[in-house]
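Please read all numbers here as calculations on a predicted model, not as lab measurements. Each chain gets a letter, A, B and so on, in the order the sequences are listed, and its residues count up from 1. Computation of the quantities below employed the complete heavy-atom set of this structure, encompassing side-chain atoms and omitting hydrogens, waters and symmetry-equivalent molecules.
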Amino acid sequence: MNFSEVFKLSSLLCKFSPDGKYLASCVQYRLVVRDVNTLQILQLYTCLDQIQHIEWSADSLFILCAMYKRGLVQVWSLEQPEWHCKIDEGSAGLVASCWSPDGRHILNTTEFHLRITVWSLCTKSVSYIKYPKACLQGITFTRDGRYMALAERRDCKDYVSIFVCSDWQLLRHFDTDTQDLTGIEWAPNGCVLAVWDTCLEYKILLYSLDGRLLSTYSAYEWSLGIKSVAWSPSSQFLAVGSYDGKVRILNHVTWKMITEFGHPAAINDPKIVVYKEAEKSPQLGLGCLSFPPPRAGAGPLPSSESKYEIASVPVSLQTLKPVTDRANPKIGIGMLAFSPDSYFLATRNDNIPNAVWVWDIQKLRLFAVLEQLSPVRAFQWDPQQPRLAICTGGSRLYLWSPAGCMSVQVPGEGKHIPEATDVAALLCAVWHHTG
Amino acid sequence: MGDWMTVTDPGLSSESKTISQYTSETKMSPSSLYSQQVLCSSIPLSKNVHSFFSAFCTEDNIEQSISYLDQELTTFGFPSLYEESKGKETKRELNIVAVLNCMNELLVLQRKNLLAQENVETQNLKLGSDMDHLQSCYSKLKEQLETSRREMIGLQERDRQLQCKNRNLHQLLKNEKDEVQKLQNIIASRATQYNHDMKRKEREYNKLKERLHQLVMNKKDKKIAMDILNYVGRADGKRGSWRTGKTEARNEDEMYKILLNDYEYRQKQILMENAELKKVLQQMKKEMISLLSPQKKKPRERVDDSTGTVISDVEEDAGELSRESMWDLSCETVREQLTNSIRKQWRILKSHVEKLDNQVSKVHLEGFNDEDVISRQDHEQETEKLELEIQQCKEMIKTQQQLLQQLATAYDDDTTSLLRDCYLLEEKERLKEEWSLFKEQKKNFERERRSFTEAAIRLGLERKAFEEERASWLKQQFLNMTTFDHQNSENVKLFSAFSGNFCQTRSCISEHSSINVLNITAEEIKPNQVGGECTNQKWSVASRPGSQEGCYSGCSLSYTNSHVEKDDLP
């Protein structure tokens, strides 16, 4: 694995273009577009204020830069560097901004989630969508970009509107049987919409594209409910992670649970491989010997290396005791991700933050557990193969595949990757480099 | 017998008493004396018979005793002892025959009575022992009854305690359930309260939002605008279209098409799965049938139901197999038929396997087939061997791992030093080469230097000669010239001399231009030029940068001849 030179990033806003040719990164108020292979700067744009969010359009021709404090969105074109576009929300404020799948419309969410403004780059027309819901995942587009589902709330009731992205026509509008909708997500095949309720109530509803309720599922009452939801790429399975530390898998034929995966702190089954990260004592490896000896102050000492050891079963993992009287306790399944071939599911139990659990979906059982030295921040699957990259916020990156796993040192002048808030982008970057 | 006793003599009273005791007490006396009594009763009769009988009849009262006896006997129904009287007052004669008959009768009677008595006594004895036995049984049973009663009371007590406990536990359970229910109710009520409050707050919030929205919309902020250089074409290159009813309908159509496609695709998948599963089931059924059918050719002893059903099944299935094509249909009846037939076959197979298991266990118990036993032993031996092998392999792996670890740790230290040595060797080799090169070059340079110095010497000589010539020429000139100033002439001389000299030397240098470094030591040239120098000459002949790996440091010789020697020109 080769690593490029480290270049300066500001607040880790770094995105690869969808076609994989360019890399956009921003430093303060400048947007830098580089070529992926040579990392030469191709374009440099200057925005009016500090950039909080950048996003590529789906056809990789435009980039939008959102400045929430000023309520501005600036759009830059890659083909014509002198083309510019500035959208000013003025007193309405700006909270979020995103592209539509056709790459010609920008959806701005104004402050207090008053409305969503749809700006068109083709016709300079504006559309407004009222009463959007202020929740974690209120807007979701189908994978083929035809439809958009939006969560709304009017008169203390939740609704879902389905729009046709080509002409922003309202296709369906129906109410949902939820207390306080927290998230919606399309299935990858674009025919089923999963809608789930607030964590105070365990309820997940499945609607078909035309607004019919297909099924509801509720595992239990009264306790804290759903924490995370993930569709498998083949749309066959829906994984629901909840605060009781279990993942329940629903199948797409009957929408009933086919199995539940528990995450106990003690692993006893000898068929499961447990990888434990262990610190290697710092030795002068061969690569570190330089001859003739380097000049004084030429480089830093190599930081301690780590490697994976296979721990023998039974293994007990490090758990975190959650504070019982605070909101958003660190228990439950916080992260879920399916591998691209739907064979594996990676999960993280927030109770045991150092471990990543990998489940085999073919056999519906636990396959491997990776225990790191520090809490896992994020993980991402390779878009083509069943390989998982894990980041824990240190200067190392961990890779797992069914054959084995390894830890890789990211050269960063000895510094740790700071406050990896957008680690997903980083991991995407990793997969782009290698995969 | 009572009358008999009253007539007896007091002299016999002791024996009679004893006898009477014996006889009168027969009814009352306990069983233990029965046997003695029988003996006692029979013996005194035989012993005291004489004295007894002599006491009744003496020689004096023969007639009286005879008449008395006669009375007694006739009352008892015996014939009279007297002969038949001929007349009324004549003395009746003793009928001896009658007497003997009566005696015989009495004897017979006596024997009968004795027998009867014996029988009665034995019966008595028996009854007595029965009674004893019964009494002992009775006492035992009484004891048992007592103990069982006590046990029952104890059990009843325990039962009562357990029931108490049970009731308590039920009570506790009920309490807990009530509490749970109560808490749930509390939660539910809190939830509703919370929802209500949330709704109220949300309504307020919505009102605020509406107000804000109105303000925002009404303001008609000129700032809320999009400033775009030029319009961008649509992604798909088509023109935008107006929103009409047609487009709405089209959108609906497309949506339904997508849904239908998805359903069709899924249905196809499911149909394919179904067909595969059906094939598998059919195969299984066929195999099961083939497994079971050879059984019917085996010993007919076991005419069980299984074989019967197998035969019937095979016949059935032969008919069914012909309708295989029907199985592709997925109607209820076909599905049911398939599942039922599979189940039947499976049951048959199961029972067959169970029978085999029983056979095996029986054989194992009887120790019939030695083959099996031996094979098992072989099997066990094999497994032991394999286990040993596995252990050995494991040990080997462990040792190898240890060795590898050792090597790995040792490897690092050794090889680093080794490699360091290697590096040093390499460097040494390189240095040697360079040194040899250096030496060669040095030799070359020495040679050149020598040639150069020779050339310089020659040059010096030539110069001297030239100077001498010039001096002589100048002398001539000077002698010829008379009008020029002394200094000017000197300057001119100097200048011309200098330039001339310089040109000369330049040409000299150009001749030896191949040489890199001009190493002209001041000492070598000075003594040659002491005589003839008259000018300041600064020679800075810089070496050309032909450095070879630092062997020859770039030496820039600046040769200066500082002293100006005033020419003692004429």
A.B. asks: Below 4.5 Å, heavy-atom pairs only: which of B:I258, B:L259, B:D262 has the largest tally toward chain A?
C.D. replies: B:L259
A.B. asks: Between A:Q179 and B:M198, is there a side-chain heavy-atom distance shorter than 4.5 Å?
C.D. replies: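 Not in contact.
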A.B. asks: Calculate, to the nearest 0.5 Å, the distance between atoms CG and CE belonging to A:L171 and B:M255 respectively.
C.D. replies: 4.5 Å
A.B. asks: For A:S120, which atoms come within 4.5 Å of any heavy atom of chain B: side chain, backbone, both, or neither?
C.D. replies: backbone
A.B. asks: What closest approach, in Å, do A:R172 and B:Y256 show between heavy atoms, and which atom pair accounts for it?
C.D. replies: NH2-OH, 2.7 Å
A.B. asks: May I ask you to test the B:H213-A:K130 pair for a side-chain heavy-atom distance under 4.5 Å?
C.D. replies: yes
A.B. asks: Specify which of A:L114, A:V73, A:V192 makes the most heavy-atom pairs with chain B at under 4.5 Å.
C.D. replies: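 Between A:L114, A:V73, A:V192, the count favours A:L114.
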A.B. asks: Counting only heavy atoms from other residues, nucleotides and ligands, does the tally under 6.0 Å from CD of A:E82 exceed 12?
C.D. replies: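 Yes, because the 6.0 Å sphere around CD of A:E82 holds more than 12 heavy atoms from other groups.
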A.B. asks: To the closest 0.5 Å, what do you measure between OH (B:Y194) and CG (A:L200)?
C.D. replies: 5.5 Å
A.B. asks: In terms of heavy-atom pairs under 4.5 Å with chain B, which of A:S77, A:C85, A:S208 leads?
C.D. replies: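 Heavy-atom pairs under 4.5 Å are most numerous for A:C85.
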A.B. asks: Any chance you could measure A:D180, atom CG, to B:N195, atom CG, to the nearest 0.5 Å?
C.D. replies: 9.5 Å
A.B. asks: Where along residues 172-182 of chain B does a heavy atom come under 4.5 Å of chain A, listed by residue number?
C.D. replies: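 None at all.
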A.B. asks: Atom CG in B:N251, atom CZ in A:F163: separation rounded to 0.5 Å?
C.D. replies: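 The CG atom of B:N251 sits 12.5 Å away from the CZ atom of A:F163.
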A.B. asks: What residue in A:V253, A:V164, A:T117 has the most heavy-atom pairs under 4.5 Å with chain B?
C.D. replies: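 Of the candidates given, the most pairs with chain B belong to A:V164.
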A.B. asks: Of the backbone (N, CA, C, O) and the side chain (C-beta and beyond), which part of A:L61 lies under 4.5 Å from a heavy atom of chain B, both, or neither?
C.D. replies: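 Neither part, no heavy atoms under 4.5 Å.
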A.B. asks: Could you state the interatomic distance from CZ (A:R146) to CD (B:E254), rounded to the nearest 0.5 Å?
C.D. replies: 5.0 Å
A.B. asks: Do any of residues 155-162 of chain A have a heavy atom less than 4.5 Å from a heavy atom of chain B, and if so, which, in residue order?
C.D. replies: A:D155, A:C156
A.B. asks: What part of B:Y263 gets within 4.5 angstrom of chain A, counting heavy atoms only: side chain, backbone, both, or neither?
C.D. replies: side chain
A.B. asks: Quick one: which residues of residues 204-211 of chain B reach chain A at under 4.5 angstrom, heavy atoms only?
C.D. replies: B:Y205, B:N206, B:K209, B:E210
A.B. asks: Residue by residue, which of residues 387-401 of chain B have a heavy atom closer than 4.5 Å to a heavy atom belonging to chain A?
C.D. replies: none
